[in-house]
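Everything on this sheet refers to the single structure shown next.
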Amino acid sequence: MPSNPLLTLKSLGQSVWLDYIQRNMLDDGTVARLIEQDGLAGMTSNPVIFKKAITEHDDYDKTIAILARRGASTVDIYDRLVLEDVRHAADLFRPVYEGTDGRDGFVSLEVSPRLAYDADDTVSEGKRLWAALDRPNVMIKVPATREGLAAIERLIAAGVNVNVTLLFGLRRYDEVIQAFMSGLEKRIATGQPVESMASVASFFVSRIDTLVDSLLDKLIRSDAGEDPRPLRGRAAIACARLAYQDFKAQYCDARWQALASRNARPQRLLWASTGTKDPAYSDVKYVEGLIGPDTVITLPPETLNAYREHGRPQFSLEHDLNAVRALPAQLSELSINLDDISQRLEEEGVQKFVDAHDELLATLDRRRTELAA
């Protein structure tokens, strides 16, 4: 086995993508080294990531100044910055894309989070970004809201690679699979090819534990009934492992086989939000517990480095399935409903991205004025 744990993940059938993007790391060879040495196979972005990259570093000031002096608006500057970064990253990952026959090497860019509850505008924006990026190895990120489901189907039908984001629950995941397959079916019905289409469903994990643990902690403090402490830190990995079982079942049925006969590729599960937020847990908890074939894991830089240093990779996605299947009922007995949890997290996730997007535009507006002078 390779000595680098990140390369071992690759040998176990799991693709590692970086959950971060910043202009300097694209320019100075950092990403190229991660591809060569760690087998990095892709990159994702979101409004929070771009807020951090653009507002906390000066990599972008030269471009901001040039555009500001040309009279570009704040929104135009934002658009230019993120499109340039994603194009550059996609070009760096293009050899990975070609070397894996289009399985990996993708870079994702999200539609505006303010469109999360508007299917028509999400489709329009998704098509615009897809055309502007003009790379086969990019994905357009669309949140898995109720309205997002319709947009996902329509974008897939239009030939746009989609990264479904802000996915927290099993019920919604089933709906995402149906939207993906419906999009492929509509594309085939119009005589369009599907063999080059790629999509992932990004299941956010650590945020599930953060919320469920907080509810369990309230029960612990109330000292009422059976001790709920053994349930802490189990919900996120349990939900992900159950989703993986759904993935395996859905992609074995007759409906998918008909699509596979047309060379369609399954929509892989992607584990997102893998940074550990509770210091009581291992810093690689959400990597170690979610290793399995035909999956993708996105790691923030800190988690990527930690796993390289002390990861212990082994197949884990189907461990303890009896206990995993029992957990939702155990939580329900404590009045913790995982469907309610997923809906709350979806709404909070959209708002978090909206806030980050608005804060970034406000900072860019100030910097545009300063640099124009």
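Computed from a prediction, not measured in an experiment: that's the story for all the values here. The basis for the numbers below is simple: all heavy atoms, side chains too, and nothing from hydrogens, waters or symmetry mates.
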Joint hydrophobic cluster, I66 plus V82, side-chain heavy atoms closer than 4.5 Å: no
Check ion pair R207-E348 (N to O, under 4.0 angstrom): no
Distance (rounded to the nearest 0.5 Å) between T276 OG1 and D283 CG: 6.0 Å
Distance in Å, S202 OG paired with L166 CG, rounded so as to fall on 0.5 Å steps: 9.0 Å
CG-OG1 distance between D79 and T74, expressed to the nearest 0.5 angstrom: 12.5 Å
Pair D209 + R234, salt bridge at N-O below 4.0 Å: no
For W17, the rest of its hydrophobic cluster, which grows through side-chain links under 4.5 angstrom: Y97, F106, M139, V200, L270, V296
Pair R172 + E175, salt bridge at N-O below 4.0 Å: yes
Distance-only polar pair, side chains of S182 and R255, donor-acceptor under 3.5 Å: yes
Atom CZ of R128: over 12 foreign heavy atoms under 6.0 Å: yes
Distance flag, aromatic centroids of F50 and H357, threshold under 6.0 Å: no
Residue pair E318 / Q245, side-chain donor-acceptor N/O under 3.5 Å: yes
R344 and F168, any side-chain heavy atoms less than 4.5 Å apart: no
Carboxylate-amine/guanidinium contact D101 R265, below 4.0 Å: yes
Gap between atom OG of S45 and atom CG of D19 - 0.5 Å precision: 9.0 Å
Exercise answer: donor-acceptor pairs, residues 27-35 side-chain atoms, under 3.5 Å, sequence neighbours excluded:
unit_1: D27; atom_1: OD1; unit_2: H88; atom_2: ND1; d: 3.4
unit_1: D28; atom_1: OD1; unit_2: T30; atom_2: N; d: 2.9
unit_1: D28; atom_1: OD1; unit_2: T30; atom_2: OG1; d: 2.7
unit_1: D28; atom_1: OD2; unit_2: N24; atom_2: ND2; d: 3.3
unit_1: D28; atom_1: OD2; unit_2: T30; atom_2: OG1; d: 3.4
unit_1: T30; atom_1: OG1; unit_2: R33; atom_2: NH2; d: 3.4

Within 6.0 Å of NZ in K62, more than 12 heavy atoms from elsewhere: no
Pair D217 + R229, salt bridge at N-O below 4.0 Å: no
Heavy atoms of other groups near R262 CZ, more than 12 under 6.0 Å: no
Ion pair R94/E98, N-O distance below 4.0 Å: yes
Heavy-atom side-chain proximity of D85 to L26 below 4.5 angstrom: yes
Minimum side-chain heavy-atom gap I336-L231 below 4.5 Å: no
Side-chain donor-acceptor contact under 3.5 Å, S15 with R268: yes
Pairwise side-chain contact, R103 with D294, heavy-atom cut-off 4.5 Å (strictly under): yes
Selection residues 330-342 - residue pairs positive for salt bridge (charged side-chain N to carboxylate O under 4.0 Å, His left out), sequence neighbours left out: R171-D339
Candidates I49, T274, L18 - the one meeting side chain to side chain contact (heavy atoms under 4.5 Å, CB included) with P300: T274
